[in-house]
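Naming: A, B, ... by sequence-line order, numbering from 1 per chain. Since the structure is predicted, the reported quantities are computational estimates derived from the model, not experimental observations.
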Amino acid sequence: MSLEVNSGTFSYQKGHPVLMDVSFSAEPGEVVAILGPNGAGKTTLLKCMLGFLPWEKGYTSINGKKLKDWKRSDLWKHISYVPQAREPAFSYRTEDMVLLGRSPYLGNFASPGKKDLEIAMRAMELAGISHLKGKSCSQISGGELQLVLIARALASEPGLMVLDEPESGLDFRNQLVVLELLKRLSQEEGLTIIINTHYPDHALRIADHSFLLYGSNMHLFGKTEYILTSDHMQSAFKVDIAVQKEVIEGQEYPTVIPLRLLEK
Amino acid sequence: MNVRRRFFIWILVMAGAILVCSVAALCLGQFRISLSAVIQELFGPGPEGVKDNVHTVLFNIRIPRILMALAAGAGLASSGAAFQSLFANPLATPDTLGVANGASFGASLGILLGGGSVTVQLLALIFGACAVLLVFLVTRRMGQRQGSVLMIVLAGLVISSLFSALVSLVKYIADPQDVLPVITFWLLGRFSGITKASMLFGIPLILLGTLIVFFLRFRLNVLSLSEDEARSLGVNLKLIRILVIAAASMTTASVVSVCGVIGWVGLLIPHISRMLFGNDNRYVVPSSILSGALFMVIVDTLARCVTASEIPVSIVTAIIGAPVFILLLRKTGGIHL
């Protein structure tokens with residue numbers, strides 16, 4: 001699936017746009033990362049992009065069809081959204097949580113059947129969390145909960161997945177687990193993946209394209225290695241930054257090293 | 001044993017217990033009827049043309065009363081479960097939006113004006129509906145993010161206390177010699193004086209509301225997630241919220257209009273179900289419907305058998321409910337899976 005945002009503008013208060021004339025696109029099977037300092041409007045961008053908040057100007061289109069022309073139930077069979085992992089008010093068993101991903105396929109008065117259960121189980125396998133079956137979402141770690149939410153998104157068999165900071169607050173290992181899973185899903189399952197992230201290293205590692213949001217309505221979009229240069233990041237984050245490339249076992253690993261704070 | 005198996009066994013046990021307790025309730029009371037006489041009356045050909053005391057007590061008093069208790073218990077418990085999910089709040093009860101207070105005001109007004117049982121019931125239903133409509137109206141006027149759950153709860157709180165004040169006003173005006181005791185007793189809930197007519201008035205609406213909640217049970221799981229999350233699961237949030245509120249309010253207003261205010265059931269029973277099966281509403285709702293019905297029949301039978309005069313239902317629900325709840329809490333360590 002492909003997604004395009006075309007000169008989107010949004011403001012919470014009239015006359016003070018948070019996002020202005022934002023454009024970017026994600027092609028089938030690509031990973032696109034959205035980066036920017038706190039308060040630059042990353043989460044707002046996700047919300048507008050998915051129609052949770054209305055664009056003032058501009059539009060989102062999915063597979064060339066404008067978001068508002070999609071039927072609600074059809075749309076959410078094709079795209080799915082993974083929010084930041086947060087324990088829900090009522091915690092469900094992990095497999096029941098994943099099963100909720102089947103909701104777009106079920107009528108209001110319907111309950112999931114055998115086929116839905118099988119698909120949910122497969123989604124858990126794909127996310128590598130079959131061993132969590134039977135546990136409550138309140139009894140597992142933050143990293144595991146994030147994987148449960150990803151499995152829930154996979155259960156709706158989407159072509160495009162949008163994730164809000166999926167690897168924030170996770171330890172080293174779990175960060176890698178999430179990143180590798182996303183990379184694998186895009187390469188092997190052909191999923192288009194869009195993530196918000198605070199880590200340039202992560203974008204450099206898995207994202208084909210990146211979208212860098214600056215504080216004041218400035219943004220850049222293009223191939224990750226051209227966007228996440230030390231110059232660009234210095235002006236976006238107001239931090240002196242060096243981008244180093246380590247070659248380990250024949251593989252190149254870009255690392256971002258923050259050196260010192262710059263005057264605002 | 002896995003949850004599904006446990007759940008199905010529990011459903012069978014509850015259904016059996018409801019049958020046994022209902023038959024026992026038919027026999028027990030100030031006027032004892034033997035089991036064989038009950039079976040004879042229910043299934044036997046019965047003496048043609050002759051309507052003896054047993055027949056009258058069974059068909060005009062006990063059967064309407066027991067059916068009403070079953071329906072009220074099932075309805076209040078499922079409404080409670082539905083509101084807890086809708087508001088993502090374990091403390092929500094069927095009264096969270098002020099329906100019960102609205103209906104109470106309607107009923108006390110009816111009693112104050114000296115209306116018959118039909119007038120009282122109708123007024124209760126009308127003011128119960130008024131309370132919900134007012135909540136929607138207030139919500140629409142509050143801020144831009146109209147329809148957000150917190151706004152609905154706040155509006156409910158306001159409307160609820162408004163009607164609660166109006167009930168107090170009616171009680172203040174009412175004649176303390178004869179009218180006030182009727183209102184007070186009514187506000188504590190009772191199944192006495194339920195006739196075939198009032199049963200037929202209340203049960204269809206209660207059943208309809210309960211059925212809607214029953215069929216929405218999988219959607220209820222989505223409702224307790226965050227708003228964007230629920231929307232991203234392809235759910236028409238606005239429609240489902242309105243459906244749940246309408247169904248639960250209809251049930252609650254109908255129960256209050258026929259039986260008065262019955263506390264505790266809507267909070268206690270869903271939580272017992274949660275402790276047994278976890279929070280998945282595919283288990284919580286059916287389990288609440290059956291356990292609510294069973295609990296109410298037992299409570300009503302106790303209310304009319306323990307002493308010569310009847311004890312108000314809400315007093316019994318609290319006296320039995322509190323210890324049972326604490327016992328379960330200690331045994332299961334709260335909500336677990």
Where does [X] contact chain A at under 4.5 Å (heavy atoms): side chain, backbone, both or neither?
X: Phe87(B); result: neither
X: Asn89(B); result: backbone
X: Leu233(B); result: both

Closest non-hydrogen atom pair, [X] against [Y]:
X: Asp280(B); Y: Arg93(A); value: CB-NH1, 4.4 Å
X: Phe109(A); Y: Leu243(B); value: CZ-CD1, 4.1 Å
X: Gln84(B); Y: Phe90(A); value: O-CE1, 3.1 Å

Around atom [atom1] of [X], are there more than 12 heavy atoms of other residues, nucleotides or ligands at under 6.0 Å?
X: Arg4(B); atom1: CZ; value: no
X: Tyr199(A); atom1: OH; value: yes
X: Gln13(A); atom1: CD; value: no
X: Met20(A); atom1: CE; value: no
X: Lys57(A); atom1: NZ; value: no

* Asked: How about Asp96(A) and Asn221(B): do any of their side-chain heavy atoms sit closer than 4.5 Å?
  -> no

Using heavy-atom distances under 4.5 Å, tell me whether [X] contacts chain B through its side chain, its backbone, both, or neither.
X: Leu106(A); answer: both
X: Leu100(A); answer: both
X: Ser111(A); answer: both
X: Arg152(A); answer: side chain
X: Ala110(A); answer: backbone

* Could you tell me the separation between the CG atom of Leu225(B) and the OH atom of Tyr92(A), rounded to the nearest 0.5 Å? => 6.0 Å

* Asked: What distance separates Leu99(A) CG from Phe218(B) CZ, expressed to the nearest 0.5 Å?
  -> 4.5 Å

* Output the option from Ser226(B), Ser232(B), Ala88(B), Gly234(B) having the highest count of non-hydrogen pairs under 4.5 Å with chain A. => Ser232(B)

* Below 4.0 angstrom, N of the basic side chain to O of the carboxylate: do Asp228(B) and Lys47(A) qualify? -> yes

* Pairs of heavy atoms under 4.5 Å with chain B: top-ranked of Ser138(A), Ser80(A), Gly107(A) -> Gly107(A)

* Structure fact -> Max heavy-atom pairs within cutoff under 4.5 Å with chain B, candidates Gly101(A), Pro104(A), Ala89(A), Gly51(A), goes to Pro104(A)

* To do: Starting from the C-alpha separation in whole Å, work towards a yes-or-no answer on side chain to side chain contact (heavy atoms under 4.5 Å, CB included) for Tyr81(A) and Arg231(B).
  => CA-CA 10 Å; Tyr81(A) 164 67; Arg231(B) 266 195 254 168; over 6 Å; no

